[in-house]
Number of protein chains: 2
Amino acid sequence: MVVDKVAQRRELKIASIVEAAWGLARERGIQLVSLHALAKEVGMRQPSLYAYFDSKNALYDAMFAHGNRELVARLSSLDLPDDPRAALKAFMQAFAAFAVEDPARNSLLFRRVIPGFEPSAESYAVAVDALSRAGAVMNAAGITDPGDVDCLVAMVAGLIEAQLSNEPGGTRWTQHLDRMVDLLADDAHERTSR
Amino acid sequence: MVVDKVAQRRELKIASIVEAAWGLARERGIQLVSLHALAKEVGMRQPSLYAYFDSKNALYDAMFAHGNRELVARLSSLDLPDDPRAALKAFMQAFAAFAVEDPARNSLLFRRVIPGFEPSAESYAVAVDALSRAGAVMNAAGITDPGDVDCLVAMVAGLIEAQLSNEPGGTRWTQHLDRMVDLLADDAHERTSR
DNA sequence: GACTCTTGCCTATTACTGATAGGAATGTCA
DNA sequence: TGACATTCCTATCAGTAATAGGCAAGAGTC
């Protein structure tokens, strides 16, 4: 493993480029990240970036994976309450807060705004990891029917979308989240106990 | 009004260009509509389009208004049942069907995928017209609290998003829509009657 | 220490994007 | 017929992602 010294330096370089790319994305929007601006940011010329990424979509893929690793880390570090319903609420609040706090990241991870971009299998696996955690918390709270899961996911996604497109300081979306969890969990409980 | 003959011909030309632009958008996605391809489609060179639209965003604005007029027409032509709850369900079903049947149109009208594009005041007014109809139907069904309205809108938007990003033939999203209307309307009724 | 040889970055160039400048032709109206 | 506005053109520019090919610095081997 002596050869890895050069490989490791390369990995660090790639990480710093992805970091700079996220900085640009936060400044000007994820769609407006240009390789020229990114190269300037990291002290290179635009074509030199192709030594690290085969295409612009490959850069987006690295950013996608990076963002999803952040999400997994955030969800893993949660200290959820014992009550399953309360845990689900806290989990969804954390998820929504993660999405709302960085619109550029939200666009790349959860909306499909880059025309040709499809995450690679490896990057997609990281995203699936995050989503499976959400599934576990929902199941624990009694939301097991696939239709119910879909509904709750749609509800949360819709609220996040609304929060991001509305003027700041709008409706109390954190309360809405809790209400939606209650509505669906109550309904699911009622249906299964009958 | 004799001078209008030329103006009317111009309006027809603009309409045909917008029509062709929507055709391209359906083929390759709303973000990938290029003025060069559009000009070729209508038998012009790319710079000639600037005789009709000041910028590409002006073209998007005309497309936005056109799409919203389609939406208003669709919603106006609905023959809703008398029962307010059933009417709300039918209305939401029609709205969702409109959104799902044309992903490109959905992207321009309801998602924000064109970086610099903000609809003009006139075009926005058409969109507000459509949304106000939705508000009226919701109010009639007993969903009057602004928070409830926001929640229902978020639910429907989330389901549309899920339907569009999922593999075709997935979950029964039309049933989900009815269930969400019931859930929220029942809850609203329960709260106001107590 | 001199030899390859890979890696990292460069300049130059291509095709395509939206946008502007300016000219030629067409048709309208006084 | 003459003035004018409309319509479309060619030519051009700056910015985008992407490719080709070259140059130099560092690593490993003899």
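These numbers come from the heavy atoms of this one structure, side chains and all, not from hydrogens, waters or symmetry mates. Labels below follow one simple rule: chain letters A, B, ... track the order of the sequence lines, proteins then strands, and each chain is numbered from 1. None of these values were measured; they are calculated from a predicted model.
- Considering only side-chain N and O atoms, Lys56(B) lies nowhere under 4.0 angstrom from the phosphate OP1 or OP2 of dT20(C).
- Shown here are the side chain to side chain contact (heavy atoms under 4.5 Å, CB included) partners of Ala136(B), two or more places apart in sequence or in another chain: there are none.
- Legend: residues meeting side chain to side chain contact (heavy atoms under 4.5 Å, CB included) with Ala157(B), ordered by chain and number and at least two apart, are absent.
- For Arg9(B) and dT6(D), the shortest distance from a side-chain N or O to OP1 or OP2 is not below 4.0 Å.
- The distance between atom CG of Asp54(B) and atom C1' of dA19(C), rounded to the nearest whole Å, is 12 Å.
- Classification of Arg191(B) and Asp145(B) as a salt-bridged pair fails, no side-chain N sitting under 4.0 Å from a carboxylate O.
- Rounded to an integer number of Å, the gap from Leu12(A) CG to dG8(C) P is 12 Å.
- Sorted by first and then second residue, the side chain to side chain donor-acceptor pair (under 3.5 Å) pairs with a member in residues 68-92 of chain A read Glu70(A)-Arg105(A), Arg74(A)-Glu101(A), Ser76(A)-Arg133(A), Arg85(A)-Asp182(A), Arg85(A)-Asp186(A), Lys89(A)-Asp182(A); sequence neighbours excluded.
- Applying the ring pair (Phe, Tyr, Trp, His ring centres under 6.0 Å) rule to Phe117(B) yields the partners Phe64(B); only residues at least two apart in sequence or on another chain are considered.
- Residues satisfying the ring pair (Phe, Tyr, Trp, His ring centres under 6.0 Å) test with Phe110(A), not counting sequence neighbours, are Phe95(A).
- Listed by residue number, Val33(A), Ser34(A), Leu35(A), His36(A), Gln46(A), Pro47(A), Tyr50(A) are the residues of residues 27-53 of chain A with a heavy-atom contact under 4.0 Å to DNA chain D.
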